[in-house]
Novice: 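Structure incoming, see below.
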Amino acid sequence: MKNRLLKRVGIGVGGLAALGLALFGAASAKASARLGTVYETHRIDLPLPPESDTAAIARGKHLVTARYACAACHGENLAGGVMIEDPALGSVRGPNLTRGRGGVTASYQMADWDRIVRHGVKPDGKPTIMPSDDFFKMSDAELSDIVAYIRSVPSVDGEVPAPSLGPVGKVLLAVGKLPLSAERQPTGSHPASPPATAESAAFGEHLTATCLGCHRQNLAGGRIPFGPPSWPAAANLTPHAEGLGTWSFEQFEQAVVQGVSKDGRKLLPPMAEVVQGTKNMSVTERKAMWAYLQSLRAAPTNVD
Ligand code: HEC
Ligand code: HEC
């Protein structure tokens with residue numbers, strides 16, 4: 001009797017495991033198919049920046065370390081860094097961007113930089129896991145300055161393993177919860193230059209493009225779509241009572257420069273890492289972001 005019961009339960013569990021494996025197999029196949037799709041992008045006609053343009057290199061350094069925070073995932077020396085390291089989601093690292101051994105950009109032309117950064121498409125046409133949505137609205141001038149800086153940094157040797165998704169990462173990719181930028185890439189032409197550097201909402205909107213992936217399109221925060229379970233919900237940045245409605249500019253500045261919230265609480269990762277970039281922004285850039293955030297429609301925190 002006991003044996004039979006056990007046998008039955010055994011079959012039940014075994015059957016469930018088999019079904020689970022079959023579903024997981026299907027999810028893995030779907031995930032591989034999404035990553036294996038080849039994308040077309042438009043052709044751009046931009047020259048590589050001259051290597052001796054020190055002004056462009058200086059502007060590019062600011063863009064890489066502050067405004068677009070490439071260094072957050074590609075490392076301080078751009079020779080490799082970590083985006084996600086989570087047993088369930090996977091190991092997703094930013095590769096070596098220097099021209100050292102193991103660097104991936106040595107033979108990049110401007111079209112390759114455009115494709116990977118502003119379209120989320122790798123040189124072989126496959127989609128990247130990098131969240132390039134943040135860079136869709138980057139202007140030609142900014143991209144050129146970024147390339148000038150990256151090509152000027154010291155070459156560092158070092159191979160970075162390609163991203164490998166864990167079981168949850170594969171399932172999220174299969175069901176479309178892990179967004180791939182290439183699937184949403186812009187088709188129109190890119191702006192030649194960014195909005196004028198001023199304490200204006202227009203410039204602020206340009207700067208907050210990198211906040212949307214986590215704080216969501218309406219900037220009202222909530223669960224981070226691509227984040228591991230350990231990440232807290234992103235804060236509501238609109239002028240709503242649940243958001244920054246009662247904040248002053250000084251309190252906003254304390255959050256994005258020192259990583260400390262209005263109530264004195266230390267902000268948690270991943271915001272703590274984002275601050276490594278925003279703390280390098282200029283006062284004008286921070287004031288512009290504030291002007292834009294204050295101009296938004298007050299919205300309650302996203303709940304899904
Ligand atoms: C949130 C993390 C993150 C940020 C920010 C980021 N990257 Fe990446 N990047 C990655 C990851 C992860 C990969 C590897 C993706 C893959 O292989 O699918 C990558 C790949 C690349 C590649 C190599 C593509 C290839 O395989 O040839 C280049 C070039 C690159 N990023 C440039 C940039 C630049 C320039 C910036 C800033 C404007 C930037 N990245 C910002 C995470 C990031
Ligand atoms: C990688 C995801 C991510 C990105 C990108 C990001 N944030 Fe955040 N942010 C968070 C999370 C998560 C929190 C909540 C942290 C906590 O509760 O400790 C947060 C909190 C904040 C807070 C504190 C609000 C409060 O109530 O304490 C401010 C201000 C903020 N973010 C501004 C920004 C701005 C401005 C940008 C873009 C330049 C940005 N964030 C980009 C994830 C992100």
Side-chain angles (χ1 to χ4, degrees), residues 35 60 63-75 78 80-84 90-97 103-108 112-113 115-118 120-124 126-135 138 142-143 145-147 149-150 160-165 180-182 204 207-216 219 221-227 230-237 242-247 251-257 259-275 277-278 281 285-286 289-290 292-293 301:
L35 287 176
L63 297 174
V64 164
T65 56
R67 191 180 297 179
Y68 291 110
C70 319
C73 298
H74 290 280
L78 299 181
V82 177
M83 173 174 152
I84 293 175
S91 168
V92 182
R93 288 158 182 264
N96 183 348
L97 300 184
V104 292
T105 64
S107 60
Y108 264 49
D112 299 309
W113 285 106
R115 279 151 66 85
I116 182 71
V117 174
R118 299 193 295 192
V121 178
K122 295 197 270 194
D124 63 2
K126 307 252 174 80
T128 178
I129 292 181
M130 170 163 95
S132 295
D133 292 51
D134 287 9
F135 315 133
M138 182 189 286
E142 289 168 296
L143 181 64
D145 289 346
I146 285 173
V147 172
Y149 173 64
I150 295 179
V160 175
S164 89
L165 291 176
L180 286 178
S181 298
L207 299 174
T208 51
T210 62
C211 321
L212 304 178
C214 293
H215 289 274
R216 315 279 282 267
L219 285 166
R223 187 183 60 81
I224 299 178
F226 61 90
S230 57
W231 285 5
N236 183 340
L237 302 182
E242 291 173 14
L244 308 184
T246 61
W247 286 45
Q251 286 162 335
F252 171 72
E253 184 157 58
Q254 169 181 290
V256 296
V257 175
V260 175
S261 184
K262 186 186 175 200
D263 60 8
R265 184 175 67 85
K266 225 170 153 1
L267 293 171
L268 299 167
M271 190 58 207
E273 278 111 44
V274 172
V275 169
T278 51
M281 283 185 162
E285 286 173 323
R286 291 196 289 268
M289 285 203 298
W290 180 246
Y292 176 62
L293 294 175
T301 310

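First listed ligand is number 1; within each ligand, the first listed atom is number 1.
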Novice: Tell me whether ligand 1 is touched by I150 - counting only heavy atoms on the residue side and a distance under 4.0 Å.
Specialist: yes

Novice: Could you tell me if the side chain of P270 sits less than 4.5 Å from the side chain of P232, heavy atoms only?
Specialist: yes

Novice: Number the atoms of ligand 2 from 1 as they appear, then name those within less than 4.0 Å of a heavy atom of L237, with their elements.
Specialist: 28 (C), 29 (C), 30 (C), 32 (C), 33 (C)

Novice: What atoms of ligand 2 come within less than 4.0 Å of a heavy atom belonging to P232?
Specialist: 12 (C)

Novice: Do L35 and K126 come within less than 4.5 Å of each other through their side chains, counting heavy atoms only?
Specialist: no

Novice: Ignoring angles and geometry beyond distance, decide whether P163 reaches within less than 3.5 Å of ligand 1 through its nitrogen or oxygen atoms.
Specialist: no

Novice: Atoms of ligand 2 less than 4.0 Å from P270 heavy atoms?
Specialist: 1 (C), 2 (C), 12 (C)

Novice: With heavy-atom distances below 4.0 Å as the criterion, list the atoms of ligand 1 near R93.
Specialist: 11 (C), 12 (C), 13 (C), 14 (C)

Novice: In the protein, which heavy atom is nearest to atom 28 (C) of ligand 1, and how far is it?
Specialist: L97 CD2, 3.4 Å

Novice: In Å, rounded to the nearest 0.5 Å, how long is the span from CE of M271 to SG of C211?
Specialist: 7.5 Å

Novice: Rounded to the nearest 0.5 Å, how far apart are OH of Y149 and CG of L78?
Specialist: 5.5 Å

Novice: Among protein heavy atoms, which sits nearest to atom 11 (C) of ligand 2, and what does the distance come to when rounded to 0.1 Å?
Specialist: A234 CA, 3.7 Å

Novice: As an exercise, identify every atom of ligand 2 less than 4.0 angstrom from a heavy atom of T278.
Specialist: 38 (C)

Novice: Are F252 and W247 an aromatic pair, judged by ring center distance below 6.0 Å?
Specialist: no

Novice: Between ligand 1 and H74, is the shortest N or O to N or O distance under 3.5 Å?
Specialist: yes

Novice: Just need the protein heavy atom nearest to atom 26 (O) of ligand 1, so name the residue and atom and give the distance.
Specialist: K122 CD, 3.5 Å

Novice: Would a 4.5 Å heavy-atom cut-off, applied to side chains only, mark I146 and V117 as touching?
Specialist: no

Novice: Short list, please: which atoms of ligand 2 are under 4.0 Å from a heavy atom of L267?
Specialist: 16 (C), 18 (O), 23 (C), 27 (O)

Novice: Taking the side chain as C-beta and beyond, is there a heavy-atom pair between P163 and R93 under 4.5 Å?
Specialist: no

Novice: When rounded to the nearest 0.5 angstrom, what is the spacing between CG in L244 and CD in Q251?
Specialist: 9.5 Å

Novice: May I ask you to identify the nearest protein heavy atom to atom 5 (C) of ligand 1, giving residue, atom name and distance to one decimal place in Å?
Specialist: A69 O, 3.6 Å

Novice: If you take the nearest heavy atom of each of A72, A255, C211, which one is closest to atom 35 (C) of ligand 2?
Specialist: C211

Novice: Name the closest protein heavy atom to atom 4 (C) of ligand 1, giving the residue it belongs to and the distance to 0.1 Å.
Specialist: C73 SG, 3.4 Å

Novice: Note the single closest protein heavy atom to atom 24 (C) of ligand 2, along with its residue, its atom name and the distance in Å.
Specialist: A235 CB, 3.4 Å

Novice: By number and element, which atoms of ligand 1 are closer than 4.0 Å to a non-hydrogen atom of T105?
Specialist: 29 (C)

Novice: Would you give the length of the straight line joining atom CG of D133 to atom CG of L212, rounded to the nearest 0.5 angstrom?
Specialist: 9.0 Å

Novice: Starting from atom 34 (C) of ligand 1, locate the nearest protein heavy atom and write down its residue, its atom name and how far away it is, to 0.1 Å.
Specialist: C70 SG, 3.6 Å

Novice: Examine ligand 2 and decide if any of its atoms is less than 4.0 Å from a heavy atom belonging to A272.
Specialist: no

Novice: Would you mind running through ligand 2 and noting each atom that sits below 4.0 Å from a heavy atom of I224?
Specialist: 12 (C)

Novice: Just which atoms of ligand 1 are under 4.0 Å from any heavy atom in W113?
Specialist: 29 (C)

Novice: In terms of residue, atom name and distance, what is the protein heavy atom nearest to atom 27 (O) of ligand 1?
Specialist: Y108 OH, 2.5 Å

Novice: Please report whether ligand 2 has a polar contact with S261, defined as an N or O pair separated by less than 3.5 Å (distance criterion only).
Specialist: yes

Novice: So which protein heavy atom does atom 7 (N) of ligand 2 come closest to, and at what separation?
Specialist: H215 NE2, 2.7 Å

Novice: Counting only nitrogen or oxygen atoms and a 3.5 angstrom limit, does W247 reach ligand 2?
Specialist: no

Novice: Out of L143, V147, I129, indicate the one that has the non-hydrogen atom closest to atom 18 (O) of ligand 1.
Specialist: I129

Novice: How close does the nearest protein non-hydrogen atom get to atom 14 (C) of ligand 2, and which residue and atom is it?
Specialist: A233 O, 3.5 Å

Novice: Report the part of P123 in contact with ligand 1, treating N, CA, C, O as backbone and CB onward as side chain, heavy atoms under 4.0 Å; options are side chain, backbone, both, neither.
Specialist: side chain

Novice: Does at least one non-hydrogen atom of R265 fall below 4.0 angstrom from an atom of ligand 2?
Specialist: yes

Novice: Give the atoms of ligand 1, by number and element, whose distance to some non-hydrogen atom of P131 is under 4.0 Å.
Specialist: 1 (C)

Novice: Using a 4.0 Å cut-off to any heavy atom of L268, which atoms of ligand 2 qualify?
Specialist: 16 (C), 18 (O)

Novice: Pairs of nitrogen or oxygen atoms closer than 3.5 Å, one from T210 and one from ligand 2: do any exist?
Specialist: no

Novice: What protein heavy atom is closest to atom 32 (C) of ligand 2, reported as residue, atom name and distance in Å?
Specialist: M271 CE, 3.6 Å

Novice: Could you find the nearest protein heavy atom to atom 13 (C) of ligand 1 and give me its residue, atom name and distance?
Specialist: P95 CD, 3.3 Å

Novice: Heavy-atom contact check, 4.0 Å cutoff: does G213 meet ligand 2?
Specialist: no

Novice: For atom 16 (C) of ligand 1, find the nearest protein heavy atom and state the residue, atom name and distance (0.1 Å precision).
Specialist: T128 OG1, 3.3 Å

Novice: Which of the atoms of ligand 1 are close to V117, meaning less than 4.0 Å from one of its heavy atoms?
Specialist: 35 (C)

Novice: What is the nearest protein non-hydrogen atom to atom 2 (C) of ligand 2, stated with its residue, atom name and distance?
Specialist: C214 SG, 1.9 Å

Novice: Under a 4.5 Å cut-off applied to non-hydrogen side-chain atoms, are Y68 and T210 in contact?
Specialist: yes

